[in-house]
Structure formats: C-alpha cells, structure tokens
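First the structure, in the form of structure tokens, and then the observations on it.
Remember, predicted model here, so these are calculated numbers, not experimental data.
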Amino acid sequence: MKIVRTLAIAIILTLGHGLTSAQTTARSILDQTSAKLQQAGGLEARFEATACHGTTETGTTTGTIYVSGNRFKIVAPNLTTWYDGQTQWSLNKENQEVYVSHPSAEELQSMNPYSFINLYKTGYTQSLTAMDYNGKNCHLVHLKAQKASQSINELRLIIDKTTLMPLNIRLRNNKGDWYRVRIHSVTTRAAWPAAFFTYSQAEHPDVEVIDIR
C-alpha cells in the first residue's frame with residue numbers, strides 16, 4: 001500500500017554554463033513539461049513502483065494511474081485509491097476494507113506522481129544533466145530540498161527530450177526512504193465522468209468502511 005501511495009514525477013536537461021544558467025534552463029524545461037501535462041487533459045499511465053530502504057528493496061508493485069485536473073484514481077493488484085479533489089478512498093482488496101480520509105497536501109504529493117507540476121516551483125534547488133534512457137535522449141533534473149524538514153527531500157526526474165513527458169521518477173523522503181516510479185506508457189486526452197474518481201459502496205457491499213476523516 002505504501003508504494004502505491006508514494007508516487008511523484010520528473011524532468012531533465014543538459015547542464016548549462018554555471019549554476020545560474022543551469023537553474024534557469026532547468027526551470028524552463030520543468031515549466032514546459034508542466035504545461036504539457038496540464039494541456040494533456042485526462043491522463044492514463046501504466047507504472048511500476050519500487051520502494052527501498054537504503055539499498056534494500058522493500059517492495060514492488062505495478063498499476064495504472066488516471067489523472068484529471070486535481071482528481072486521480074490508482075489501480076494496483078491489491079489496492080485501489082480514488083480521490084475526487086477532497087475525499088480519498090483506499091480499498092484494500094485483500095482485507096476487504098476501505099479507508100476514507102481527507103489527505104493533506106503533503107500526502108497528495110506522495111501519492112500522485114504528477115504533483116511535481118507545483119512541487120518544483122518553490123523550496124528546491126535544481127541541477128541538470130543529459131542522459132540516454134532506454135535508447136531515448138533524455139533530460140535529467142535533480143531537485144534538492146532547501147530545508148531538511150520538507151517531506152520530499154530529493155527528486156531525480158527523467159523526461160523524454162522529444163515528448164517532454166516523464167519516463168522515470170525517483171524520490172527520497174525525509175526519513176531516507178527511496179521510491180522509484182517507471183512510467184511504461186501514457187495516454188492523453190482521455191475523459192471520465194466525475195463518478196470514476198469516487199468510491200461506490202453499492203459496487204462493494206461487503207467491504208467494511210473505516211472513516212478516519
């Protein structure tokens with residue numbers, strides 16, 4: 001469950017001449033990627049998420065995330081999460097329990113890998129390199145939190161130079177745990193009704209509801 005709840009997102013570029021130039025260029029690329037994602041409309045992405053404590057892998061899961069504005073839905077083998085912009089429902093399929101909550105801004109950042117759209121704008125220093133990733137020319141942006149108390153201390157973001165879409169995200173939280181999200185495919189311009197991002201008790205009559213709002 002923790003892996004699915006910890007998804008974040010990505011960017012990159014060739015190193016500029018001097019720190020100020022590099023930061024300016026990194027911000028420009030991040031702005032372009034942010035704009036592209038916002039213009040993409042409804043977005044569906046298949047992912048693989050891995051959690052590590054130090055160098056020890058603690059779990060891996062695969063799934064699909066659906067994003068529309070500030071709403072999202074994450075479907076993984078043992079967990080489905082709905083968020084309608086205010087309320088979140090997390091269904092543990094194995095235990096047949098659904099947890100209802102009002103997540104904080106920090107919790108939302110950790111769950112939605114596309115939340116970097118706003119994350120990078122304040123509180124992070126930026127550096128750039130160019131790299132080859134799975135045969136593609138990519139930008140790599142390294143974001144480092146300016147304060148150790150920030151919930152996400154570090155982000156390493158890979159973006160396809162041609163499409164400006166994120167391919168790989170690595171983040172480290174303030175407890176030292178690393179999370180990696182590999183984006184396998186992305187579909188844009190999708191549309192779903194509002195109910196798609198809301199849990200339906202009628203469809204899960206035997207599930208216990210645990211309301212922690």
Side-chain angles (χ1 to χ4, degrees), residues 1-13 15-16 18-35 37-38 47 49-61 65 67 69-72 74 76 79 81 83-90 99-129 139-159 166-183 210 212-213:
M1 179 184 295
K2 192 172 183 179
I3 301 174
V4 176
R5 293 184 60 196
T6 311
L7 304 180
I9 230 166
I11 285 175
I12 320 158
L13 183 70
L15 184 63
L19 182 59
T20 300
S21 175
Q23 287 181 333
T24 300
T25 306
R27 178 59 184 260
S28 173
I29 296 300
L30 288 166
D31 285 344
Q32 290 179 60
T33 299
S34 172
L37 288 170
Q38 290 175 322
F47 68 86
T50 302
C52 295
H53 183 71
T55 58
T56 302
E57 185 175 312
T58 58
T60 297
T61 191
I65 183 169
V67 182
N70 66 341
R71 302 174 297 178
F72 63 84
I74 301 171
L79 182 74
T81 298
Y83 179 69
D84 66 358
Q86 178 179 3
T87 302
Q88 175 185 299
W89 299 263
S90 293
Y99 289 83
V100 187
S101 64
H102 287 158
S104 66
E106 289 183 355
E107 289 171 332
L108 290 173
Q109 281 181 353
S110 70
M111 286 182 288
N112 180 0
Y114 293 93
S115 63
F116 87 102
I117 287 175
N118 295 312
L119 178 67
Y120 74 91
K121 294 180 179 178
T122 58
Y124 289 84
T125 57
Q126 306 161 8
S127 61
L128 321 174
T129 54
H139 303 296
L140 172 63
V141 168
H142 182 199
L143 303 178
K144 183 76 173 178
Q146 295 171 346
K147 295 181 180 180
S149 60
Q150 289 178 240
S151 59
I152 298 177
N153 277 4
E154 188 173 356
L155 280 165
R156 298 177 186 269
L157 313 169
I158 299 175
I159 287 194
L167 302 175
N168 185 296
I169 308 108
R170 291 184 64 201
L171 72 87
R172 179 171 59 88
N173 64 20
N174 57 10
K175 297 179 181 178
D177 298 316
W178 279 96
Y179 298 89
R180 180 186 65 215
V181 180
R182 291 172 174 160
I183 306 297
I210 301 174
I212 56 176
R213 287 175 288 185

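The structure places CZ of R156 at 8.0 Å from OG of S127, a figure rounded to the nearest 0.5 Å. Considering CZ of R182 and OG1 of T60, their distance stands at 8.5 Å, rounded to 0.5 Å. To the nearest 0.5 Å, atoms OG (S101) and CZ (R213) are separated by 8.5 Å. A distance of 7.0 Å separates CG of L157 from CG of L30, quoted to the nearest 0.5 Å. N153 contributes atom CG, which lies 9.5 Å from atom CH2 of W178 (distance to the nearest 0.5 angstrom).
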Q | Criterion side chain to side chain contact (heavy atoms under 4.5 Å, CB included) on H142 and E154, from CA distance to verdict | A | CA-CA 7 Å; H142 182 199; E154 188 173 356; 2.6 Å; yes
**Q.** CA sep, side-chain torsions, deciding dist, call: D177, R172, side chain to side chain contact (heavy atoms under 4.5 Å, CB included)
**A.** CA-CA 5 Å; D177 298 316; R172 179 171 59 88; over 6 Å; no
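Closest heavy-atom contact between H102 and Q86: CD2-O, 3.3 Å. Taking all atoms of both residues into account, the shortest heavy-atom contact from R170 to N168 is CG-OD1, 3.8 Å. Nearest heavy atoms, N174 versus Q150: CB-O, 3.4 Å. Across every non-hydrogen atom of T61 and A76, the tightest pair is OG1-CB, 4.0 Å. Taking each heavy atom of F47 and V181 in turn, the nearest pair found is CB-CG1, 4.0 Å. The shortest non-hydrogen separation linking A145 to I152 is CB-O, 3.8 Å.
You'll find the side chain of S90 reaches within 4.5 Å of the side chain of L79, heavy atoms only. I159 is not listed as a side-chain neighbour of V141, based on a closest heavy-atom distance of 4.5 Å or more. A heavy-atom distance below 4.5 Å is found between the side chains of I169 and I183. In this structure the side chain of W89 reaches within 4.5 angstrom of the side chain of T87, judged on heavy atoms.
At least one donor-acceptor pair closer than 3.5 Å links the side chain of T58 to the backbone N or O of A51.
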